[in-house]
Enquirer: 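Got a structure here, written out as C-alpha cells. Questions coming.
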Amino acid sequence: MKHYLKKLEDTVRQQWNEKALCDYGGDAFTYADLATHVEQFRIFLQNAGITKRNKMAICARNSARWAITFWNINVNECVAVPLLADFHPNGIAAFTHHSDSVLLFTDEDIWKRLHPEQMPVLRAAINVADGRLLWHRDQKVADAWEKREQAFDKLHPAGLSPEQVSYPTDNLDKLAIINYTSGTTGNPKGVMLTYGALTDTDEFSNTHFPNKPGETIVSMLPMAHMYGLAIEFIHPNIDGVTVYFLGKTPSPTTLLKAMKEVRPYMVVTVPLVMEKVYANSIKPALEKMKWLFAVPHAEALVYKLVRKRVLSAFGGRVRCFIMGGAALRPEVEQCFCKMRLPYMVGYGMTEACPLLGWEWWTDFVPGSCGKPVHDIRIDSEDPHQVAGEIQARGANITIGYYKNPEANAAAFTDDGWFRTGDLGTIDEQGNIFIRGRIKSMILNSSGQNIYPEELEAVLSGCPYVVESLVVDRQGKLVALVYPDIPDDIDEKTKAEIPEQIRAAANQSLPVYSKIAKVQLVDKPFEKTPKMSIKRFLYQ
C-alpha cells in the first residue's frame with residue numbers, strides 16, 4: 001500500500017508546472033506553487049518553535065488556498081482540525097480550544113465574530129485568503145510567519161526544484177486529522193484519523209474509481225467534512241487531477257456552468273443535488289416526451305437520449321456520479337436506473353474516513369449502498385432478514401474521539417468492532433441495506449420496530465412532497481412535510497393536501513406503521529453538511 005504523501009511527492013515532481021488547485025473563475029496554483037508553500041510552512045514552523053503533532057484549525061470557506069493550507073499542515077506532520085465555516089462562532093471557538101489548536105486559519109469575517117479569550121491555547125490567527133496575520137499572542141510566531149517568504153528565499157535562493165521535494169511516510173500510525181462532525185445528534189465529537197486511515201481510503205479509491213493526471217474535478221462539498229476532503233480533494237489531487245473549487249454552495253445554474261467548463265471525470269455529491277437536477281431538468285424533459293412511450297421500443301430510446309443530455313450537461317467526461325450522506329429518493333433512483341446513469345450511492349461516516357460501503361455502478365443494486373469496503377457485520381441473529389446494528393473494522397476506522405473517553409468506550413464493542421449506530425441488513429451477495437439510525441427507530445405500543453426512514457421513502461413518492469420527517473408524538477406517527485404547492489391552487493384544495501398525502505402514503509404502509517397525521521412545515525428541514533436532516537431538532 002503506497003502512502004498517499006509518497007504519491008503526492010511523486011506527482012509534485014512529475015507534474016511540476018501543471019495546475020494543481022484552482023478557484024473556479026479565479027486563482028490557479030501549480031504543483032510547484034504547492035511545493036513552495038509547503039516548504040515555506042516547514043521553515044515557518046521551525047523558526048516559530050512549533051513542533052510536529054501540534055494541532056491547527058482551518059475554518060474557512062472552500063478555496064484553493066484552503067487546500068494549500070491543509071497540505072501545509074498535513075505534509076509537515078502537524079494535525080489538521082477542519083472546522084465547518086457554518087458552525088456557530090461559539091462552536092468554532094469551543095472546537096479550536098478543545099482540539100488544543102495553536103493556530104487558526106480562517107476567513108476575516110469569521111474571525112471578527114470570535115473572541116480570543118475563549119481560545120487560550122491559540123497563539124495566532126491567519127487569514128486563509130491572503131495569508132495576513134489577523135491576531136497573535138506570541139511574537140515569535142508572528143515574526144516567523146511574517147518573515148517566512150524571506151526565510152525561504154535565503155534557504156532556496158534559486159527557488160525550489162522538483163528533486164528537493166521529499167514528504168514523510170513513516171507516520172501511518174500517527175494522528176493526521178481531528179474532524180468535528182456536527183452529525184444529527186447535536187453532540188459533536190472530535191474524530192481522530194491517522195495517516196494510515198487516509199492512505200487506506202486512497203488505496204481503496206484508486207482500486208475502485210481511479211483517476212489520471214491531467215483530469216479535472218469540481219469540488220462542491222464542504223472540505224471540512226471527510227466525504228469532500230478525502231474523495232473530492234485528497235484522492236484526486238495526489239494523482240495529478242486539477243481540483244476546481246466553487247467556494248460556496250452553488251445554484252443549479254452556476255453548478256452546471258462550472259461542470260460544462262471544467263468537464264470533470266467524476267462528480268462527488270449528495271443526493272439532494274442530483275434530486276434537484278432530476279426535478280429541474282430530467283423530469284420535465286421526460287414529461288415532454290411521454291407521448292412517445294406508447295410507441296414500441298421508444299421508451300428505451302427516450303431514456304437513452306435524456307442520459308446523453310445529462311452527461312453532456314456535466315461536461316461529457318463523467319465516468320461516475322458518487323452520492324453519499326443520505327438515501328436517494330426512490331422515484332429518482334428508478335429514473336436513473338432506466339437511464340443507465342453511471343451513479344452509485346455509497347455508505348460512510350466521518351469515523352470511517354469516510355467509506356464503509358461501495359459498488360461500481362454496473363454492479364450496484366438499487367436501494368442498497370454498495371458492498372463492504374472492509375469488514376462489516378450485522379449485530380443480528382439473521383443479518384439477511386432482521387435488521388441489526390452495522391458494525392465495522394478496518395485500517396480506515398477512527399482510533400477514537402479526542403479527549404472523550406466516554407464516547408470511546410461507547411463506540412467500540414468488546415471485541416474491537418466500531419459501532420456505527422446504523423441499523424441494516426446485508427444480502428447473500430454482500431450488498432448493504434440501511435434501515436435507519438438506532439436512535440431514530442420508533443418502538444410502537446405493540447412492540448413493533450418502525451424505521452422512520454422507510455416511511456419517509458414512501459412519502460417521497462407522494463404528491464406535493466419535497467422532503468419529510470416522521471416522528472413519534474404521544475404514541476402516534478406524525479409526518480412533518482415540506483411541500484411544493486403550486487401558486488394557482490385554491491385554498492380549499494390546499495387545506496386538503498395533508499390528508500391527500502397521508503392517504504397516499506398509507507396505501508403502501510402496513511397497519512402497524514400507518515401515519516396518523518401529516519403536518520406541513522413552511523421551510524426546508526435543517527441539515528448537516530452531508531445533507532442529513534438534523535432529527536434531534538424536530539423530536
Enquirer: Pick one: which of Val268, Asn62, Thr254, Leu246 meets side-chain contact (heavy atoms from CB on, under 4.5 Å) with Met220?
Expert: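 Filter result, single survivor: Leu246.
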Enquirer: The criterion is side chain to side chain donor-acceptor pair (under 3.5 Å); which residues satisfy it with Gln139, sequence neighbours excluded?
Expert: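 Gln139: side chain to side chain donor-acceptor pair (under 3.5 Å) contacts with His136, Asp143.
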Enquirer: Applying side-chain contact (heavy atoms from CB on, under 4.5 Å), name anything that partners Val79, two or more places apart in sequence or on another chain.
Expert: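 Val79: side-chain contact (heavy atoms from CB on, under 4.5 Å) contacts with Lys55, Leu175, Ile178.
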Enquirer: Determine whether the aromatic ring centres of Trp358 and Phe364 lie less than 6.0 Å apart.
Expert: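 That pair fails the under 6.0 Å test.
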Enquirer: Please determine whether side chain to side chain contact (heavy atoms under 4.5 Å, CB included) holds for the pair Thr269 and Glu232, giving the CA-CA distance in whole Å, both sets of side-chain angles, and the decisive distance to 0.1 Å.
Expert: CA-CA 9 Å; Thr269 185; Glu232 204 175 44; over 6 Å; no
Enquirer: With no hydrogens and no angle check, is any side-chain donor or acceptor of Ser368 less than 3.5 Å from a backbone partner on Val365?
Expert: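 Yes.
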Enquirer: Please name the pair of heavy atoms, one in Asn237 and one in Ala20, separated by the smallest distance, quoted to 0.1 Å.
Expert: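 Minimum heavy-atom contact is ND2-O, 3.1 Å.
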Enquirer: Verify, without hydrogens or angle tests, whether Ser99 (side chain) and Thr96 (backbone) share a donor-acceptor contact under 3.5 angstrom.
Expert: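 It does hold such a pair.
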Enquirer: Aromatic contact between Tyr180 and His98, with the criterion being ring centroids under 6.0 Å apart: yes or no?
Expert: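 Yes, ring centres under 6.0 Å apart.
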Enquirer: Under the ring-ring contact (aromatic ring centres under 6.0 Å, His included) test, which residues partner Trp66, sequence neighbours left out?
Expert: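 Testing Trp66 for ring-ring contact (aromatic ring centres under 6.0 Å, His included), a comparison that skips the adjacent residues, returns none.
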Enquirer: Quick one: salt bridge (Lys or Arg N to Asp or Glu O under 4.0 Å) partners of Lys2, sequence neighbours excluded?
Expert: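 If we apply the salt bridge (Lys or Arg N to Asp or Glu O under 4.0 Å) test to Lys2, skipping adjacent residues, the hits are Asp10.
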Enquirer: Could you pull out the closest heavy-atom pair between Phe152 and Ile43, with the gap in Å?
Expert: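 So the two residues come closest at CA-CD1, 3.7 Å.
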Enquirer: Once you measure the plane-to-plane angle for His208 and Phe204, does it fall in the parallel (<30°), tilted (30-60°) or perpendicular (>60°) bin?
Expert: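 Ring orientation, 0 to 90° scale: parallel.
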Enquirer: Indicate yes or no: at least one non-hydrogen side-chain atom of Arg307 is less than 4.5 angstrom from one of Arg340.
Expert: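 Counting from C-beta outward, Arg307 and Arg340 do come under 4.5 Å.
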Enquirer: Looking just at side-chain N and O atoms, do Asn74 and Tyr4 make a donor-acceptor pair shorter than 3.5 Å?
Expert: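 On atom types as modelled, these side chains qualify, holding a pair under 3.5 Å.
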Enquirer: Tell me, which pairs form a salt bridge (charged side-chain N to carboxylate O under 4.0 Å, His left out) where one or both residues lie in residues 21-41, sequence neighbours left out?
Expert: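 For residues 21-41, and leaving out neighbouring residues, the salt bridge (charged side-chain N to carboxylate O under 4.0 Å, His left out) pairs sorted by first residue read Asp27-Arg65, Glu39-Arg42.
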Enquirer: Excluding sequence neighbours, so at least two apart, what forms ring-ring contact (aromatic ring centres under 6.0 Å, His included) with Phe321?
Expert: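 Result, ring-ring contact (aromatic ring centres under 6.0 Å, His included) vs Phe321: Phe314.
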Enquirer: Test of understanding: with ring-ring contact (aromatic ring centres under 6.0 Å, His included), list the residues that count as partners of Phe336, not counting sequence neighbours.
Expert: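 Result, ring-ring contact (aromatic ring centres under 6.0 Å, His included) vs Phe336: Tyr343.
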Enquirer: With rounding to the nearest 0.5 Å, note down the distance linking OG in Ser312 to CZ in Arg263.
Expert: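 Nearest 0.5 Å value for the OG-CZ distance: 8.5 Å.
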Enquirer: Spell out, as yes or no, whether a donor-acceptor pair under 3.5 Å connects the side chain of Thr194 to the backbone of Asp173.
Expert: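 Answer holds: no.
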Enquirer: Could you please spell out the steps behind the side chain to side chain contact (heavy atoms under 4.5 Å, CB included) verdict for Val267 and Met259?
Expert: CA-CA 9 Å; Val267 173; Met259 294 292 177; 4.2 Å; yes
Enquirer: Go through it in stages, so that I can follow the logic: the residues are His3 and Asp202, the test is side chain to side chain donor-acceptor pair (under 3.5 Å), and I'd like the CA-CA distance, side-chain angles, deciding distance and then a yes or no.
Expert: CA-CA 9 Å; His3 197 298; Asp202 176 64; over 6 Å; no
Enquirer: Please check: side-chain N/O of Glu9 versus main-chain N/O of Tyr167, any donor-acceptor pairing under 3.5 Å?
Expert: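 Flag set: sc Glu9 to bb Tyr167 pair under 3.5 Å.
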Enquirer: So, Asn171 and Glu77: side-chain donor and acceptor under 3.5 Å apart, yes or no?
Expert: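 Note: Asn171 and Glu77 side chains meet the donor-acceptor criterion.
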Enquirer: Could you walk me through whether Phe70 and Ile177 pass the side chain to side chain contact (heavy atoms under 4.5 Å, CB included) check?
Expert: CA-CA 10 Å; Phe70 174 83; Ile177 292 174; 4.0 Å; yes
Enquirer: Measure the spacing between CE of Met266 and OG1 of Thr216 and express it to the nearest 0.5 Å.
Expert: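 One finds 11.0 Å between CE of Met266 and OG1 of Thr216.
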Enquirer: So that I can tick it off, tell me whether Glu453 and Arg437 are bridged by a salt bridge, with the cut-off set at under 4.0 angstrom between side-chain N and carboxylate O.
Expert: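 Looking at Arg437 and Glu453, the cut-off is not met.
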Enquirer: Partners of Ala67 by side-chain contact (heavy atoms from CB on, under 4.5 Å), sequence neighbours excluded?
Expert: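 If we apply the side-chain contact (heavy atoms from CB on, under 4.5 Å) test to Ala67, skipping adjacent residues, the hits are Leu21, Met223, Phe233, Phe245.
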Enquirer: Is the closest side-chain donor-acceptor distance between Tyr31 and Asn17 under 3.5 Å?
Expert: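 No, no side-chain donor-acceptor pair sits under 3.5 Å.
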Enquirer: State which residue, out of His235, Lys7, Met1, fulfils the side-chain contact (heavy atoms from CB on, under 4.5 Å) condition with Glu203.
Expert: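 It is Met1, the one option of His235, Lys7, Met1 that forms the side-chain contact (heavy atoms from CB on, under 4.5 Å) with Glu203.
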Enquirer: If you round to the nearest 0.5 Å, how far is CG of Asp363 from CE of Met344?
Expert: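 The CG atom of Asp363 is 9.5 Å from CE of Met344, to the nearest 0.5 Å.
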Enquirer: For His156 and Ala158, indicate whether the former's side chain and the latter's backbone hold a donor-acceptor pair under 3.5 Å.
Expert: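 No, His156 side chain to Ala158 backbone: no donor-acceptor pair under 3.5 Å.
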Enquirer: Sequence neighbours left out, what passes ring-ring contact (aromatic ring centres under 6.0 Å, His included) with Trp111? Give chain and number order.
Expert: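 Result, ring-ring contact (aromatic ring centres under 6.0 Å, His included) vs Trp111: Trp135.
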Enquirer: OG1/Thr199 to CG/Asn396 distance, rounded to the nearest 0.5 angstrom?
Expert: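 Taking OG1 in Thr199 and CG in Asn396, the distance rounds to 11.5 Å.
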Enquirer: State whether the side chain of Asn179 and the backbone N or O of Val81 hold a donor-acceptor pair below 3.5 Å, judged by distance alone.
Expert: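 A pair under 3.5 Å: no.
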Enquirer: If we ignore hydrogens and angles and just use 3.5 Å, is the side chain of Thr398 paired with the main-chain N or O of Met192 as donor and acceptor?
Expert: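 Checked: pair present.
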Enquirer: Are any of the side-chain nitrogens in Asp130 or Arg132 under 4.0 Å away from the carboxylate oxygens of its partner?
Expert: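 Salt bridge present between Asp130 and Arg132.
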Enquirer: Is there a donor-acceptor pair closer than 3.5 Å between any side-chain N or O of Glu467 and the backbone N or O of Phe525?
Expert: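 Yes: the side chain of Glu467 pairs with the backbone of Phe525.
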Enquirer: Under 6.0 Å from the ring centre and within 45 degrees of the ring axis: does the NZ or CZ of Lys189 meet both conditions for the six-membered ring of Tyr401?
Expert: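 Ring-cation test returns yes.
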Enquirer: With rounding to the nearest 0.5 Å, note down the distance linking NE2 in His97 to CD in Glu117.
Expert: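 Answer for the NE2-CD pair, His97 versus Glu117, is 12.0 Å.
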Enquirer: After noting the C-alpha distance and the side-chain angles of Trp71 and Asn76, does the key distance pass the side chain to side chain donor-acceptor pair (under 3.5 Å) rule?
Expert: CA-CA 8 Å; Trp71 282 132; Asn76 286 295; over 6 Å; no
Enquirer: Where is the tightest heavy-atom contact between Cys22 and Thr242, given as atom of each residue plus distance?
Expert: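 It is SG-CG2, 3.7 Å.
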Enquirer: Would you name the heavy atoms of Thr51 and Cys78 that are closest together and state the gap between them?
Expert: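 Smallest interatomic distance, heavy atoms only, reads O-SG, 3.7 Å.
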Enquirer: Between Glu275 and Arg329, is there a salt bridge with N-O shorter than 4.0 Å?
Expert: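 Salt bridge between Arg329 and Glu275, a charged N being under 4.0 Å from a carboxylate O: no.
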Enquirer: Looking at residues at least two apart in the chain, or sitting in another chain, which of them share a salt bridge (Lys or Arg N to Asp or Glu O under 4.0 Å) with Arg419?
Expert: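 If we apply the salt bridge (Lys or Arg N to Asp or Glu O under 4.0 Å) test to Arg419, skipping adjacent residues, the hits are Glu389.
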Enquirer: Can you confirm whether more than 12 heavy atoms, excluding those of Lys276, are under 6.0 Å from its NZ atom?
Expert: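 Atom NZ in Lys276 is not packed in, count stays at 12 or less.
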Enquirer: What's the separation between atom OG in Ser101 and atom CG in Leu83, rounded to the nearest 0.5 Å?
Expert: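 CG of Leu83 is found 7.0 Å from OG of Ser101.
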Enquirer: Which residue pairs pass the salt bridge (charged side-chain N to carboxylate O under 4.0 Å, His left out) test with at least one member in residues 96-107, sequence neighbours excluded?
Expert: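 Checked against salt bridge (charged side-chain N to carboxylate O under 4.0 Å, His left out) - neighbours excluded - the pairs reaching residues 96-107 are Arg61-Asp107, Asp100-Lys403.
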Enquirer: What residues, two or more places apart in sequence or in another chain, satisfy side chain to side chain donor-acceptor pair (under 3.5 Å) together with Arg393?
Expert: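 Arg393 satisfies side chain to side chain donor-acceptor pair (under 3.5 Å) with Asp375 only.
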Enquirer: Is it the case that the side chains of Ser161 and Gln164 hold a donor-acceptor pair, with the cut-off being a distance below 3.5 Å and no angle test?
Expert: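 Per modelled atom types, Gln164 and Ser161 side chains form a pair under 3.5 Å.
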Enquirer: Could you tell me whether Phe87 and Phe95 have their ring centroids closer than 6.0 angstrom?
Expert: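 Here the rings of Phe95 and Phe87 have centres that are less than 6.0 Å from each other.
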